[in-house]
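All figures in this text were calculated on a predicted structure; none of them were measured in a lab. We name chains A, B, ... by the order of the sequence lines, and we start the count at 1 in each one.
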Amino acid sequence: MPTTDPPRSLNFIEQIIENDNTSGKHDGRVHTRFPPEPNGYLHIGHAKSFCLNFGLAEKYGGKCNLRFDDTNPTKEEEEYVESIQEDVRWLGFDWEDRLLFASDYFEQMYEFAVELVKQGKAYVCDLDAEQTREFRGSLTAPGKDSPYRDRTVEENLDLFTRMRKGEFPDGSRTLRAKIDMASPNVNLRDPVVYRILHATHHRTADAWCIYPMYDWAHGLEDSIERITHSICTLEFENHRPLYDWFLDQLGVYHPQQIEFARLNLTYTVMSKRKLLRLVEQGHVDGWDDPRLPTIGGLRRRGYTPETIREFCDRIGVNKFNSTVEIALLEHCVRADLNKRSPRVMGVLRPLKVVIDNYPEDQIEQLDAVNNPEDPDAGTRQVPFTRELYIERDDFMEDPPKKFFRLTPGREVRLRYAYFVTCVDVVKDEATGEVVELHCTYDPATRGGDSPDGRKVKATIHWVSATQSIPAEIRLYDHLFTKEFPEEAEEGEDFMANLNPASLERLTDCRVEPSLAGAEPGARYQLERQGYFCVDPDSTSESLVLNRTASLRDTWAKIQKAQQNKPKQKQPRRKK
RNA sequence: UGGGGAAUAGUGUAACGGCAGCACGAGUGACUCUGAAUCACUUAGUCUAGGUUCAAAUCCUAGUUCCCCAACCA
């Protein structure tokens with residue numbers, strides 16, 4: 001039987017491409033590009049864009065360029081060029097020999113500008129920035145022609161040449177396209193094409209003192225690279241007429257600009273400006289803080305490239321703004337990590353347990369399954385001893401209904417080990433806090449099964465008190481307390497919605513000895529807790545784990561529901 | 001008072017004149033040596049009002065709401 005997967009429906013960009021391919025518009029070629037400006041770190045919103053661009057090229061047997069749109073030397077730095085490449089590569093994309101820079105086309109762009117001047121379609125304007133703005137008019141009122149609009153071609157050529165030579169100070173003149181100062185689209189009101197900027201560029205150094213504007217540069221970059229589909233975000237929709245106008249005047253190869261909606265995620269922020277503020281004001285610990293939606297942050301958090309690609313695939317592509325629930329990202333990472341993570345046991349908040357009837361100095365090695373989702377992952381041994389730690393949350397002295405774990409007098413299973421029964425609770429006399437538990441074990445249940453068929457309601461994890469190793473574990477929660485962090489009270493902004501509990505450091509954790517020497521980046525599932533990865537802060541003597549995602553927690557939901565309607569339960573307090 | 005876009009369950013997306021479907025979320029149950037995973041079931045939608053048509057999410061008209069645009073940023 002031919003199992004034909006139902007073909008995934010095409011998004012609107014794929015539809016355009018397939019139409020172009022059948023009509024032969026670009027001779028069936030598909031050539032896209034990811035054109036970041038090297039002025040910041042990449043985040044998952046960028047991942048949506050480059051997964052789209054590289055993915056389309058992959059799907060249609062085409063190519064995708066990595067092109068740095070480095071036309072503004074005052075904002076751009078080599079550091080970002082490096083980190084952007086690292087991130088795109090980490091996601092698994094290959095630009096082969098097409099690592100490109102807009103700055104490599106500066107000479108060609110200049111010559112095209114000279115051509116535009118010669119055609120009488122561009123002029124040197126002496127208005128300063130403020131005057132230019134005034135002359136542009138408003139959204140509802142037309143602009144006024146610049147007094148320099150009608151200079152002769154010869155004069156424009158001379159002035160433009162001298163602009164390049166560096167004869168004029170910054171801001172004193174611009175080259176402007178001569179289009180229409182009354183256009184209802186303000187982008188067409190004689191847009192600036194070149195500005196004077198005596199700044200050192202990270203690649204061309206001081207070779208230039210005039211730099212092209214985005215609208216002029218971008219279409220030319222696409223044209224020079226013979227891009228077929230130039231995919232950008234929605235806010236450039238208004239710029240498309242200008243993109244088209246420049247290429248039409250020049251009569252050069254003309255790619256098609258297509259706009260799609262950028263990604264928004266709940267409980268986080270995505271703009272470079274806001275992320276920068278979080279980093280600079282120290283609310284997070286650098287650009288790769290695991291709470292950030294940056295690629296570096298997600299990597300450090302323990303996300304895999306496959307997770308991010310799967311997520312970008314699932315969210316779709318459209319032309320209207322939407323906000324994806326972060327729960328979908330979390331679902332993707334759990335699904336991925338569930339399949340691939342080795343399981344280990346670790347106790348986040350240790351509670352000491354003494355097995356009274358277990359021999360004092362005995363150490364048993366018990367077999368544990370490495371990954372029930374992957375039979376090839378095999379088994380390992382975990383040491384069992386008389387003194388153990390279990391999770392504090394796995395014991396309650398006075399449990400509510402539906403609490404299945406350890407309580408006084410109740411028998412539970414220690415995973416892969418024995419059935420144990422709690423026989424005594426030791427408390428701190430001053431505070432009343434439970435500090436130690438005494439249990440007995442049933443030697444017949446070694447390995448976790450009872451020969452008499454006795455059942456227990458719960459299986460809890462544990463580590464040996466003497467054979468486990470210490471670890472620091474960092475628990476992360478949403479960076480903001482609100483789904484839409486921008487929704488702030490009058491006079492406040494998104495910073496007011498920062499989650500004060502977005503990071504919790506647990507320094508007294510204990511993990512099973514198989515984790516000794518784990519390398520940064522290694523990923524594990526701590527059973528019944530979540531997915532974790534080894535942080536680069538780890539050293540050979542101190543292990544640091546980041547929680548990538550918790551496991552789904554039905555018990556937590558039950559607890560929450562019980563707390564939310566405590567009506568009938570109140571009177572049980574008494575003694 | 002201008003111009004450009006866009007509206008489908010709580011969220012994200014399909015359906016391209018012919019049974020409104022999928023995923024996430026939420027809920028219920030089964031199973032379970034992870035209260036995980038897995039499995040089953042449930043929940044809930046075409047912005048509004050007209051019109052065309054045997055038939056409209058889809059076409060037409062009018063309206064409503066939301067987003068973007070007045071850097072020598074990208």
Side-chain angles (χ1 to χ4, degrees), chain A residues 6 8-11 15 35-37 39 69-72 74-76 125 127-130 132-134 136-143 170-176 183-189 191-197 210-211 213-215 217-218 232-241 259 261 266 272 314-332 334-335 338-339 343 345 368-369 372-373 402-405 413-417 419 445 447-449 456-461 483 525-530 550-558:
Chain A
R8 189 171 67 81
S9 54
L10 303 176
N11 66 48
Q15 289 179 23
E37 181 186 14
N39 71 342
D69 206 0
D70 55 350
T71 57
N72 185 352
T74 63
K75 292 189 175 173
E76 296 150 7
C125 179
L127 259 25
D128 66 25
E130 194 184 335
T132 304
R133 192 181 333 117
E134 283 163 9
R136 189 153 34 229
S138 75
L139 291 180
T140 51
D170 287 3
S172 61
R173 285 180 228 263
T174 57
L175 184 73
R176 292 227 261 163
S183 172
N185 180 344
V186 292
N187 294 126
L188 262 21
R189 319 243 259 230
V192 173
V193 173
Y194 272 91
R195 77 280 212 185
I196 300 172
L197 224 47
I210 56 171
Y211 290 92
M213 299 292 292
Y214 169 86
D215 287 303
H218 205 87
C232 62
T233 46
L234 246 33
E235 66 269 27
F236 292 104
E237 219 154 11
N238 294 326
H239 295 245
R240 183 162 16 102
E259 308 85 12
T266 55
K272 276 180 189 169
R314 284 206 194 195
I315 55 177
V317 182
N318 235 319
K319 279 186 77 91
F320 48 92
N321 300 301
S322 59
T323 302
V324 177
E325 287 177 346
I326 199 148
L328 181 61
L329 217 209
E330 291 165 351
H331 165 81
C332 289
R334 287 189 184 111
N338 177 48
K339 293 281 180 252
R343 317 282 130 129
M345 290 195 284
V369 174
E373 301 284 331
K402 293 188 183 169
F403 181 86
F404 304 146
R405 284 111 92 147
R413 173 169 34 234
L414 296 180
R415 177 142 235 226
Y416 299 127
F419 285 13
T445 57
D449 282 307
V456 287
K457 285 276 266 191
T459 300
I460 64 174
H461 61 278
E483 258 195 295
Q525 183 197 97
L526 295 198
E527 293 210 29
R528 305 209 306 129
Q529 292 291 350
S550 63
L551 252 30
R552 282 190 64 219
D553 189 349
T554 305
W555 169 239
K557 274 182 197 167
I558 294 170

Pick the P atom in B:C47 and in B:U13, then give their distance to the nearest Å.
15 Å
Using the P atom in both, what is the distance from B:U1 to B:U58, to the nearest Å?
29 Å
With hydrogens left out and only the distance checked, is there a donor-acceptor pair under 3.5 Å joining A:Gln529's side chain and the base of B:U34?
no
Tell me what A:Arg552 touches on the nucleic acid: a base, only sugar-phosphate, or nothing, going by heavy atoms under 4.0 Å.
sugar-phosphate
Taking B:A26 as the reference, what is the distance to B:U11 when you measure between their C1' atoms (whole Å, please)?
11 Å
Decide if atom NZ of A:Lys319 counts as having more than 12 heavy atoms of other residues, nucleotides or ligands within a radius under 6.0 Å.
yes
Scan nucleotides 9-22 of chain B nucleotide by nucleotide, 5' to 3', and note B when protein non-hydrogen atoms come under 4.0 Å of the base, S if they reach only the sugar-phosphate, - if neither.
-BSSSS-B------
Hey, does A:Lys457 reach any base, or is it just sugar-phosphate, or nothing, if we go heavy atoms under 4.0 Å?
nothing
Give one of base, sugar-phosphate or nothing for A:Gln525, where a contact means two heavy atoms less than 4.0 Å apart.
base
Taken to the nearest whole Å, CG/A:Leu234 to P/B:C66 is 17 Å
Touch check for A:Phe419, heavy atoms < 4.0 angstrom, all strands: base, sugar-phosphate only, or nothing?
nothing
Separation between the C1' atoms of B:A9 and B:G45, rounded to whole Å:
4 Å
I'd like to know if the side chain of A:Asn318 and the backbone of A:Ala261 have a donor-acceptor N/O pair within less than 3.5 Å.
no
Hey, is A:Glu37 close enough to A:Lys75 for a salt bridge, meaning N to O under 4.0 Å?
no
So what does A:Thr554 touch, heavy atoms closer than 4.0 Å: a base, only the sugar-phosphate, or nothing?
sugar-phosphate
Indicate, with a heavy-atom threshold strictly under 4.0 Å, whether A:Arg343 touches base, sugar-phosphate, or nothing.
base
Going through the checks in order, is the side-chain contact (heavy atoms from CB on, under 4.5 Å) test met by A:Val193 and A:Met213?
CA-CA 5 Å; A:Val193 173; A:Met213 299 292 292; 5.7 Å; no
Check side-chain contact (heavy atoms from CB on, under 4.5 Å) between A:Pro372 and all other residues, then give those that pass, not counting sequence neighbours.
A:Arg343, A:Val369
Inter-nucleotide P distance (B:C41, B:G35), Å rounded:
25 Å
Could you give the CG-to-P distance, from A:Asn338 to B:C39, as a whole number of Å?
11 Å
Base, backbone or nothing for each nucleotide of nucleotides 69-74 of chain B, written B, S, -, heavy atoms under 4.0 angstrom, 5' to 3'?
BBSBSB
Under-4.0 Å side-chain N/O to phosphate OP1/OP2 contact, A:Lys319 with B:A7:
no
In whole angstrom, give the distance that lies between atom CD of A:Glu483 and atom C1' of B:C24.
13 Å
Does A:Thr445 use its side chain to pair, donor to acceptor, with the backbone of A:Phe419 at less than 3.5 Å?
yes
Nucleotide nearest A:Arg405 when distance is taken to its side chain, options B:U34, B:A37, B:G35:
B:G35
For B:A14 versus B:U64, give the span between their C1' atoms, rounded off to a whole number of Å.
26 Å
Roughly how many Å apart are B:G27 and B:U8, using the C1' atom of each and rounding to a whole number?
23 Å
Can you measure A:Phe404 atom CZ to B:G35 atom P for me and round it to whole angstrom units?
10 Å
Given that A:Arg413 and A:Glu237 both sit by RNA chain B, which one's nearest nucleotide is further toward the 5' end?
A:Glu237
Tell me if B:A9 is syn or anti. Syn = glycosidic torsion within 90° of 0, anti otherwise.
anti
